[in-house]
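Just so you know, ligand 1 is whichever comes first in the structure, and atom 1 is the first atom listed for that ligand.
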Amino acid sequence: MHDLSGKVAIITGASRGIGAATALAMAKAGASVVLAARTVDQIESNAAQIRKTGGTAIAVACDISNFQAMESTVAKCIDTYGKLDIFIANAGVIDPIGPLVTSNPASWAHAVQINLIGAYNGLRAVLPIMQAQQSGTIINISSGAAHSPMEGWSHYCAAKAATAMLLNNAQLEHANDHIRFLGFRPGTVATYMQSAIKASGINPVSQMDPSDHYKPEWPAQAITWMCTPDADEFLGQELAMGDEEIQRRAGLI
Ligand code: NAP
């Protein structure tokens, strides 16, 4: 329904969950997609599935916590498709869930290295390209946890809050570069991440019934819509899956 013909997109964290569904939705909308994540067999199988249904996709092994890996993913995209129009900063981790007071400092820092530094690595790798071409769309997959503390998620809340501010900063510094910046809170979505949250039993989110969560196809369709000019009036904002106007505009209801 949404048209991304001729566009080229990188989606991080495309091995499963929201990222895998977004890669599929964007390919169906006509974009050529780069699926980036650490689990190579899974991104290769997702890319093969997209190609089988007539889409254009490649898989690139990438650990976003490593800047060189992120930079070579972007280089592979340019080598393959000649440009980069859309960057979806989606990869993220919730583990290790647990109280701050007993947290393991190395594990806590590693989660921040992925959720915050990984987002920085993505921006740092794509901004020079989008600045040079004076166009592009960058969508940060944020969370309600960026704005409200949750028991057991100190690493996640702190990193998501910092990443939302990082996006604001990028937007301020690139106000004249015709780059479209958007944040997106997907609500609670039935993915591995919610299974890990449920298993922890730690805070009210872990008590939710799995049937309360959105299917990954919902945020995927909303993110695809956000890449189109129809969403231009929302540029610079963090949109929420739970907002009925966004659901309507994305064609979900
Ligand atoms: P998920 O099913 O656990 O998927 C996370 C994805 O991130 C996987 O593809 C994983 O792939 C990738 N990833 C993790 N660490 C990575 C790294 N170092 N380098 C590259 N890729 C990495 O989670 P999800 O629910 O789809 O979450 C996607 C995004 O939505 C995250 O940013 C999350 O914070 C956000 N979010 C989710 C919910 C929810 O309810 N599910 C709510 C709010 C926000 P590999 O392990 O193969 O690398």
Q.
Tell me if the centroids of the rings in W225 and F184 come within less than 6.0 Å of each other.
A. no
For [atom], what's the nearest protein heavy-atom neighbour? Residue, atom name and distance, please.
{"atom": "atom 38 (C) of ligand 1", "answer": "G187 O, 3.8 Å"}
{"atom": "atom 47 (O) of ligand 1", "answer": "T39 OG1, 2.4 Å"}
{"atom": "atom 21 (N) of ligand 1", "answer": "A91 CB, 3.5 Å"}
{"atom": "atom 26 (O) of ligand 1", "answer": "I18 N, 2.9 Å"}
{"atom": "atom 20 (C) of ligand 1", "answer": "C62 O, 3.2 Å"}

Q.
With side-chain contact (heavy atoms from CB on, under 4.5 Å) as the test, pick out the partner of I88 among I139, I18, I138.
A. I139
Check contact between [X] and ligand 1, using heavy atoms of the residue and a distance below 4.0 angstrom.
{"X": "Y214", "value": "no"}
{"X": "T12", "value": "no"}
{"X": "S142", "value": "yes"}
{"X": "P186", "value": "yes"}
{"X": "H213", "value": "no"}

Q) Given side chains that start at C-beta, do those of E233 and R249 come closer than 4.5 Å, heavy atoms only? A) yes
(Q) Under a 3.5 Å threshold, yes or no: a donor from one side chain and an acceptor from the other, between T228 and D230? (A) no
Proximal candidate to [atom] [heavy atom criterion; set [options]]:
{"atom": "atom 23 (O) of ligand 1", "options": "Q194, M193, Q113", "result": "M193"}
{"atom": "atom 17 (C) of ligand 1", "options": "R38, H110, R16", "result": "R38"}
{"atom": "atom 28 (C) of ligand 1", "options": "I43, V205, N90", "result": "N90"}
{"atom": "atom 36 (N) of ligand 1", "options": "Y156, Y192, F184", "result": "Y156"}

